[in-house]
Amino acid sequence: MKPRDFQLDAYWMPFTANRQFKSAPRLFVAAKDMHYITDDGRRVLDGTSGLWCVNAGHCRPKIVEAVKKQVETMDYSPAFQMGHPGAFRVAERVAKLAPGDLDHVFYTNSGSEAVDTALKIALAYHRARGEGQRTVLVGRERGYHGAGFGGMSVGGMPANRKAFGNALSRVDHLGHTHYPGENAFSRGQPAWGAHLADELENRIIPLHDASNIAAVIVEPMAGSTGVLVPPKGYLERLRSICDKYGILLIFDEVITGFGRLGSAFAGNAVGVVPDMMTIAKGLTNGTVPMGAVIVRRGIYEAVIEAAPPNTVELFHGYTYSGHPLATAAAEASLELFEEEQLFERAQQLAPYFENAVHSLREMPHVIDIRNMGLVAGIELEARPGKAGERAFRAFLRCYEKGILIRTTGDIIALSPPLIISEQQIDELVDVIGDTLREIGRD
Ligand SMILES: Cc1ncc(COP(=O)(O)O)c(C=O)c1O
């Protein structure tokens, strides 16, 4: 290994145990297809698509070439009052992939910004229609909607909020849908729990009055808090309650978009069309930061038409909205997904993946396994008084053994690139099995 030509101290790493990391750093220096290469030259099988984003695998030549060509041609184009062709082409392509009349696309640079943008659009939409009193935003416990103030507030992860006090004030949360007592070891969508959506009608609406509620935002499948698969009928029920009371339904598809669940979006997979979708990650195959909000035509039209002619209709946007490098990466990624039929591939591989992960059921400390598409959560029993420690040890050991997994609390989350082979699924599961046996002994 080459001696390092940098120190570790200056970089304050995000969502990372900085002291632990800096005492035993884990550094990637290259990546190709299903593997990372570490600074000491080891190959690590990517079981997490980086951070749920590299759906087509790493450093795919088509995407790399598109970004190279774009950076040589035009590095940047102003996002406000000017445009460039790539931004329009990608919007059109994304609109075609989205279900129903979700056919307008607002660009951001991340999932967090997409969530903040969707929440602001919800408020602007109601205001444009003369219902400016609709300002309550409803999230869900155990939801993750990024790290901005908006996303943090509607999110339901205590650790992400407790240091920062009350952020957005007019926010409430539905209960989560994770009930292992009823649904442990479910394959695909659990049978029990559609009625959990009724809390919107039975508690939240009476409390705030429906006429004050702007939007409900949920991840159709909650990823970051440990792969919480929506019970059958739950999302459908949320949809119908929102319809009944004129509340917008936002699906945060930052993780579930672009084939993860075997179709373009989770909404397509479960047959529920939201009013807005937030996307990011897989949109550019993780190559260049980019997010977006996809909105229904009626929302776009209401906001646009409420403004006087030839004036700015929505006072919102980012310097890098629709950045040329991001749109080049997105265009090439979307083409690649289609050429290689990767969403269909994920769907075809899902049963194999499901059987493989559920084979870990008898391993020490495993208390639940759940899956949908090419996502799985393996929940371990927490060590008394040391929540998260057991799974983190598994993560470190798996890394030593040459596979990358992700853990949240005591849950191992798997979300491999959609190009993974059956043999690589076996490798992933075998290494996790060996690891669980080893840590089960101590
Ligand atoms: C559902 C969901 N929303 C939003 C985000 C935030 O995305 P970003 O980290 O790009 O801001 C994430 C990130 O994992 C996510 O999973």
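Both backbone and side-chain heavy atoms feed into the values below; hydrogens, waters and symmetry mates do not. Just so you know, ligand 1 is whichever comes first in the structure, and atom 1 is the first atom listed for that ligand. Model, not experiment: these values are computed from the prediction.
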Checking [X] side chain against [Y] main chain: does a donor-acceptor pair fall under 3.5 Å?
X: Arg127; Y: Arg134; result: no
X: Arg161; Y: Gly155; result: yes
X: Ser153; Y: Phe149; result: yes
X: Ser415; Y: Thr48; result: yes

The answer, listing residues by chain and number that come under 4.0 Å of ligand 1 through any heavy atom, is Ser110, Gly111, Ser112, Tyr144, His145, Gly146, Glu219, Ser224, Asp252, Val254, Ile255, Lys281
Measuring from Leu45:CG to Lys401:NZ, what's the distance to the nearest 0.5 Å?
14.5 Å
Tell me, yes or no, whether the heavy-atom count around Tyr36 atom OH, taken from other residues, nucleotides or ligands under 6.0 Å, exceeds 12.
yes
